[in-house]
Chemist: 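Before anything else, here's the structure in question.
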There are 2 protein chains.
Amino acid sequence: MTSPFIHDVPPQRVVFAFGALARIGEEAERLALSRALVVATPGSGARLGRQVVDLLGSRSAGLHAHAVVHVPKAVANAGLAAARETKADGLIAVGGGAAIGLAKAIALQTSLPIIAVPTTYSGSEATPIFGMTDGERKITGRDAKVLPRSIVYDPDLTLGLPAAVSAASGMNAVAHCVEGLWADNRTPVTVALATEAMRRFGTSLPAAVTNAGDREARAQCLIGAWLAGTVLTAGTALQHKLAHVLGGLGLPHAETHAIILPHVMRFNLDAAPEAESHLQDALGSSDPADAVAAMLRKFPIPERLREVGFEQSKAAFVADEIAAAKIAMPREASAADIRRLLAAAY
Amino acid sequence: MTSPFIHDVPPQRVVFAFGALARIGEEAERLALSRALVVATPGSGARLGRQVVDLLGSRSAGLHAHAVVHVPKAVANAGLAAARETKADGLIAVGGGAAIGLAKAIALQTSLPIIAVPTTYSGSEATPIFGMTDGERKITGRDAKVLPRSIVYDPDLTLGLPAAVSAASGMNAVAHCVEGLWADNRTPVTVALATEAMRRFGTSLPAAVTNAGDREARAQCLIGAWLAGTVLTAGTALQHKLAHVLGGLGLPHAETHAIILPHVMRFNLDAAPEAESHLQDALGSSDPADAVAAMLRKFPIPERLREVGFEQSKAAFVADEIAAAKIAMPREASAADIRRLLAAAY
């Protein structure tokens, strides 16, 4: 029977075009920004950041190229200080999850509007979800004021993404889509967007990984990453909980998502016929878990947990953590189920 | 090659549940309405309107049950006067396109927020498009302030919709979806939503037409109608232009949409491979035009233009009007093309 739902998503403007980076000044003007602080990672991120500073001209408050993955507290505080010192009236996050994450941490304290210029498939630009780390502790939350007001997608900025990063970042986005199809708070809109993203990744992610310079495949993957990001508002379930617990053991985020995804799909899809039918259509395959596993096998990233440093002795701990979380959507996983799943992925 | 696009859609809250009508007071409270004027058509619309007035209790400013299709100017003025006399601070449109259209006409002048409670598949509740008639002249436009702030969808309110109305109103929504797949301003979001709506209509519209009381099919069609409405923001092309010109000759709106749709699809789909592939997936058919024609044949509504009063002598006029509009998306239709299409639909 059709489940009730509430759809209530804050608006976000998206400009998508080859060469869209050149329109960053226009977007800053649209938000009436006169002193926008550009936030980026050091290195190649900073190079792109300087380009954005140049494009902004007098609307720029300078470049803060000190973003670090997982936004350590000290990094967030330094970003906040930079925004205050430069009297910034807006933030322009240029890069992947690290740059966007830092901009969100600053916006959380200051309510400054963010424009995101993404260069990976993290999808963070499309969510009101923020995260910070304080030593070992990871704090995550959700606040409408950290959702970027607009996103400028320029597929040309992703041409340099190495094959392994494209594959891992893309599979991470694919995991958002799959999980969005059975997540508790899914709506017909998130289901539609997850399906459309899967369709685009199914065709174009292998092409983008094989040929980093395939502009058309890059464009399709970037669209897929956007849609996959919006789907995260539907909530998460076993896939993300398992990736989170494994991440707590020090396993790499995107790679771990990729490795466990076909196994989680095999476990869940029998209990999620609507998700299965959407995935069958999107991937043109009667066995979507198999199709995802086949895609993964061709990618230059690890395929098994043992390749990313998982110790089998931790399986019982992970299984107990997951079982205790009682994720019922679409089916409850017992500790024994999780141990079997981890053994298969090992 | 991937086309550039801008996605910039104002937010709208949607509450969907069997029995959701009971939550209308809560939604009014959320918008801080203390004097909401309920707008409906006379007759059965007024009955439902009175029920809403009761549910609103002290938050109601009364019932204005004088909505008429196409919103004649005098009707709009009377609605405006009622809103002013009752000192309404919001509007609750209960019904189909007529009631929602009147609420939009009032909101256009007053900026009053609208809550829509739809009972048909018109999709008007999901668009910022308004329309009024002044004698023979039809004025349409687009204004963010007429977009309902929230929509309360209760599939139980559609159980009474007669088979012929369900079929015509449903096919009208299907036409929005199909056209949305090749419209000029489509984005990956509108494409995804159009595809998802088609998938739901393909399965559930025949069931809802056959058995008016099939609650599950009704729920699926209402979701389809919502998604189809949001797709209208992507713009329209040959299907809607042709329906509009034929409507100017006095042909009925929804029925005309239904009749011409398979013919427009046959003409356009060869030139729109992305639209075709999405429709094939959604309908599970290699020939989507044929699938739509087959669906239409089983419905208790006219299948040919001659059954709805079209005079063949008008074909040249219609063909010239359409050719002059130079609708290039996905292919340009010459006057000869349109004459052939009209002959086939006759």
Side-chain angles (χ1 to χ4, degrees), chain A residues 1-20 23 27 30 126 144 149-155 187-200 203-204 215-224 226-227 230-231 274 277-278 280-284, chain B residues 1-20 23 27 30 126 144 149-155 187-200 203-204 215-224 226-227 230-231 274 277-278 280-284:
Chain A
M1 200 67 177
T2 304
S3 304
F5 63 84
I6 291 176
H7 165 90
D8 198 358
V9 177
Q12 203 176 23
R13 177 178 158 89
V14 171
V15 175
F16 184 101
F18 291 105
R23 284 146 78 173
E27 290 304 308
R30 178 177 275 270
R149 300 285 183 86
S150 39
I151 310 175
V152 175
Y153 281 117
D154 183 346
T187 71
V189 167
T190 60
V191 165
L193 301 182
T195 306
E196 182 66 24
M198 279 302 284
R199 177 196 304 268
R200 291 174 195 252
T203 312
S204 299
R215 295 177 82 217
E216 177 60 16
R218 286 294 188 191
Q220 292 296 326
C221 288
L222 199 53
I223 291 172
W226 167 41
L227 300 178
T230 66
V231 165
E274 185 200 314
S277 124
H278 278 86
Q280 285 169 337
D281 287 356
L283 296 172
Chain B
M1 200 66 176
T2 304
S3 304
F5 63 84
I6 291 176
H7 164 89
D8 199 359
V9 176
Q12 203 177 23
R13 176 178 158 90
V14 171
V15 175
F16 184 101
F18 290 105
R23 283 147 76 172
E27 290 305 307
R30 180 176 275 269
R149 299 286 182 85
S150 39
I151 311 176
V152 175
Y153 282 119
D154 184 346
T187 70
V189 168
T190 60
V191 164
L193 301 183
T195 306
E196 182 65 25
M198 280 302 284
R199 176 198 303 269
R200 291 174 194 254
T203 312
S204 299
R215 296 177 82 216
E216 177 60 17
R218 286 295 188 191
Q220 292 296 326
C221 287
L222 199 54
I223 291 172
W226 167 40
L227 301 177
T230 66
V231 165
E274 185 200 314
S277 124
H278 277 86
Q280 286 168 337
D281 287 356
L283 297 172

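First the proteins, then the strands, lettered A, B, ... as listed; each starts at 1.
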Chemist: So what's closer than 4.5 Å to chain A heavy atoms on B/R23: side chain, backbone, both or neither?
Modeler: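 Looking at B/R23, just its side chain touches chain A.
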Chemist: Rounded at 0.5 Å granularity, tell me how far NE2 in B/H278 sits from CD in A/E196.
Modeler: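 Separation between the atoms: 3.5 Å.
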Chemist: Which answer fits A/L227, side chain, backbone, both or neither, if we ask what part of it has an atom under 4.5 Å from a heavy atom of chain B?
Modeler: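 Just the side chain, heavy atoms under 4.5 Å.
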Chemist: Is B/T195 in contact with chain A via its backbone, its side chain, both, or neither, using a 4.5 Å heavy-atom distance?
Modeler: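 The side chain, not the backbone.
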Chemist: Highest number of heavy-atom pairs under 4.5 Å with chain A: which of B/A219, B/P188, B/A197?
Modeler: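 Ranked by contacts with chain A, first place is B/P188.
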Chemist: State, yes or no, whether a side-chain contact exists between A/T2 and B/R200 at a heavy-atom distance under 4.5 Å.
Modeler: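 A side-chain contact is absent here, since even the closest heavy-atom pair is not under 4.5 Å.
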Chemist: Report yes if some heavy atom in the side chain of B/V191 is under 4.5 Å from a heavy atom in the side chain of A/R199; otherwise report no.
Modeler: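 Result no, sub-4.5 Å side-chain heavy-atom pair not found.
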Chemist: A/Q12 versus chain B, heavy atoms under 4.5 Å apart: side chain, backbone, both or neither?
Modeler: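 When you check distances to chain B, only backbone atoms of A/Q12 fall under 4.5 Å.
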Chemist: Knowing that exactly one of B/W226, B/Y153, B/F16 qualifies, which makes a ring-ring contact (aromatic ring centres under 6.0 Å, His included) with A/H7?
Modeler: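 Testing each of B/W226, B/Y153, B/F16 against A/H7, the sole residue satisfying ring-ring contact (aromatic ring centres under 6.0 Å, His included) is B/W226.
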Chemist: Sort B/V9 into side chain, backbone, both or neither according to what part of it lies under 4.5 angstrom from a heavy atom of chain A.
Modeler: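 Backbone only.
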Chemist: B/R149: what forms a salt bridge (charged side-chain N to carboxylate O under 4.0 Å, His left out) with it, not counting sequence neighbours?
Modeler: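 Listed in chain order: nothing, the list is empty.
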Chemist: So, applying side chain to side chain contact (heavy atoms under 4.5 Å, CB included) with B/V189, which one of A/L193, A/T230, A/I223 is it?
Modeler: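 Looking at A/L193, A/T230, A/I223, the match for B/V189 under the side chain to side chain contact (heavy atoms under 4.5 Å, CB included) is A/L193.
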Chemist: Does the side chain of B/P10 come within less than 4.5 Å of A/P11's, by heavy atoms?
Modeler: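 No, side chains not in contact.
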Chemist: Tell me every residue that passes side chain to side chain contact (heavy atoms under 4.5 Å, CB included) with A/R215, counting only those two or more places apart in sequence or in another chain.
Modeler: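 Partners of A/R215 under the side chain to side chain contact (heavy atoms under 4.5 Å, CB included) test: A/F18, A/D156, A/L159, B/M1.
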